[in-house]
Number of protein chains: 2
Amino acid sequence: MKSSPPLPGDELDPEACIKSQVLLEAIGRRWTGAVLLAAHRGATRFGDYRRMVPGISDRLLSQRLKELEHMGLIEREVIPTTPVQILYRPTKDGAGLMTALQPLIAWGTRHFILDGSPA
Amino acid sequence: MKSSPPLPGDELDPEACIKSQVLLEAIGRRWTGAVLLAAHRGATRFGDYRRMVPGISDRLLSQRLKELEHMGLIEREVIPTTPVQILYRPTKDGAGLMTALQPLIAWGTRHFILDGSPA
DNA sequence: CTGAATCCAATAGGATACTG
DNA sequence: CAGTATCCTATTGGATTCAG
């Protein structure tokens, strides 16, 4: 986002603003942060994530992993053993995102925003 | 979030993880990023936001402003003129969040994630 | 073990109209 | 100007069950 002097009245720079909003909405979905963090912390198997993100259902975990894969943040690798092993690992982009996320996470950790009900 | 060696199997550090997830979900809601940015860019009046965030409805704008106020990220000030003026301005915390958000925004601007449909 | 399928309840958000 | 109220639909996410 560019930083022109405050001129209320002009629309927000669409190019950067929209991309940021899309990203925020994507990683702001329920459990996504935790799944991302689990990947960053070394989770690889489906069961790893399931254990490291307690409370998430299989359905949502599967969905979140697909979304993250679709966004190019994690990679799905199939190891043809018997039974097959599936590995989910952060991509370079995923690692980069985690880095970019650190200041926000640090900020959020210091400021105890509020309970889960924003409304 | 702390960075211990990868030990898949233990739960994620709840203290920081949950806070981060709550924060991410809060600012990941639709329009929230844009509203926050508008505040950062100098919007103060309700109409300012309305113009700077094209597409948002009055209902959602009102709701987002309330949420951000509730989170302590913006302040609502009533100026008792006639008619009354209402000002919405970033708090110190809000400004701090924007700072913490910069790396993420920069990252998102460089990486053109995808269209709006993650599923 | 790694999911996919289904069903259901809750929520979010868009559109519109109206008010002090 | 600064919202609120209402209605309506789409989307979300939880729970459970089934399958390769």
Side-chain angles (χ1 to χ4, degrees), chain A residues 8-9 18 21-22 24-36 38-39 43-71 74-89 115-119, chain B residues 8-9 18 21-22 24-35 38-39 43-71 74-89 114-119:
Chain A
I18 296 192
Q21 182 64 40
V22 169
L24 282 176
E25 286 179 32
I27 64 179
R29 304 186 70 173
R30 195 170 289 182
W31 303 113
T32 302
V35 172
L36 219 35
T44 53
R45 313 286 303 271
F46 193 89
D48 292 342
Y49 290 90
R50 182 155 37 195
R51 278 186 304 277
M52 292 177 72
V53 187
I56 193 171
S57 69
D58 287 354
R59 193 180 73 81
L60 276 218
L61 175 53
S62 174
Q63 186 175 319
R64 291 291 111 96
L65 287 170
K66 267 185 206 157
E67 289 166 5
L68 291 171
E69 186 193 0
H70 184 208
M71 290 188 276
I74 64 173
E75 262 180 339
R76 182 180 194 267
E77 188 185 356
V78 180
I79 311 289
T81 52
T82 34
V84 293
Q85 284 200 351
I86 315 283
L87 304 185
Y88 296 96
R89 326 182 37 144
D115 58 285
S117 54
Chain B
I18 295 192
Q21 182 65 39
V22 169
L24 282 177
E25 286 180 30
I27 65 180
R29 304 185 71 172
R30 195 168 291 180
W31 303 113
T32 301
V35 171
T44 53
R45 314 285 303 272
F46 193 91
D48 291 343
Y49 290 91
R50 183 156 38 196
R51 280 187 303 276
M52 292 177 72
V53 187
I56 194 173
S57 70
D58 287 354
R59 190 178 75 81
L60 276 218
L61 175 52
S62 174
Q63 187 175 318
R64 291 292 111 97
L65 287 171
K66 269 183 206 161
E67 289 166 5
L68 291 171
E69 186 194 358
H70 185 208
M71 289 189 275
I74 63 175
E75 259 180 339
R76 184 180 192 266
E77 187 183 356
V78 180
I79 310 287
T81 53
T82 37
V84 293
Q85 284 200 355
I86 315 284
L87 303 185
Y88 296 96
R89 324 181 44 161
L114 43 65
D115 57 284
S117 54

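Chain letters run A, B, ... following the sequence lines, proteins first, then strands; residues in each count from 1. This structure is a prediction, so every number in the text was calculated from the model and none was measured.
- Counting to the nearest Å, the P atom of C:dA12 and the CZ atom of B:Arg30 are 12 Å from each other.
- Whole-Å rounding puts the B:Leu61 CG to C:dA15 P distance at 15 Å.
- In this structure, A:Phe46 places its CZ atom 14 Å from C1' of D:dG20, rounding to the nearest Å.
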For this session: With side-chain contact (heavy atoms from CB on, under 4.5 Å) as the test, would you mind laying out the steps for B:Asp48 and B:Tyr88 before giving the verdict?
Result: CA-CA 10 Å; B:Asp48 291 343; B:Tyr88 296 96; over 6 Å; no
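- In this entry the distance linking CZ of B:Arg29 with P of D:dT12 reads 13 Å, nearest Å.
- The phosphate of D:dG3 has neither OP1 nor OP2 within less than 4.0 Å of any side-chain N or O from B:Lys66.
- The distance from atom CD of A:Gln21 to atom P of C:dG13 is 10 Å, rounded to the nearest whole Å.
- Closest non-hydrogen pair, B:Val53 versus B:Ala38, comes out as CG2-CB, 4.1 Å.
- Between A:Arg59 and A:Tyr88, it is A:Tyr88 whose nearest contact on DNA chain C lies nearer the 5' terminus.
- The phosphate of D:dG3 (OP1 or OP2) has a side-chain N or O of B:Arg76 nearer than 4.0 angstrom.
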For this session: Verify side-chain contact (heavy atoms from CB on, under 4.5 Å) between A:Leu87 and A:Arg45, making sure each step is shown before the conclusion.
Result: CA-CA 5 Å; A:Leu87 304 185; A:Arg45 313 286 303 271; 3.4 Å; yes
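- If you find the closest nucleotide of DNA chain D to B:Asp58 and to A:Arg64, the one lying nearer the 5' end belongs to B:Asp58.
- B:Ile86 places its CD1 atom 9 Å from the C1' atom of D:dG3, with the value rounded to the nearest Å.
- Going from atom CD of A:Glu25 over to atom CZ of B:Arg29 covers 10.5 Å, rounded to the nearest 0.5 Å.
- The side-chain heavy atoms of A:Phe46 and A:Asp58, taken from C-beta on, include a pair separated by under 4.5 Å.
- Between A:Leu65 atom CG and C:dA4 atom C1' the separation is 14 Å, expressed in whole Å.
- Which of C:dA4, D:dG3, C:dG14 sits closest to the side chain of B:Arg50 comes down to D:dG3.
- The side chain of A:Arg45 lies closest to C:dC1, out of C:dC1, C:dG14, D:dG13.
- Here the P atom of nucleotide D:dT4 and the CG atom of B:Leu60 are 13 Å apart, to the nearest Å.
- With distances taken from any side-chain atom of A:Trp31 to the nucleotides D:dG14, C:dG13, D:dA2, the minimum falls on D:dG14.
- Using a 4.0 Å heavy-atom distance criterion, A:Ser62 is classed as a sugar-phosphate-only contact.
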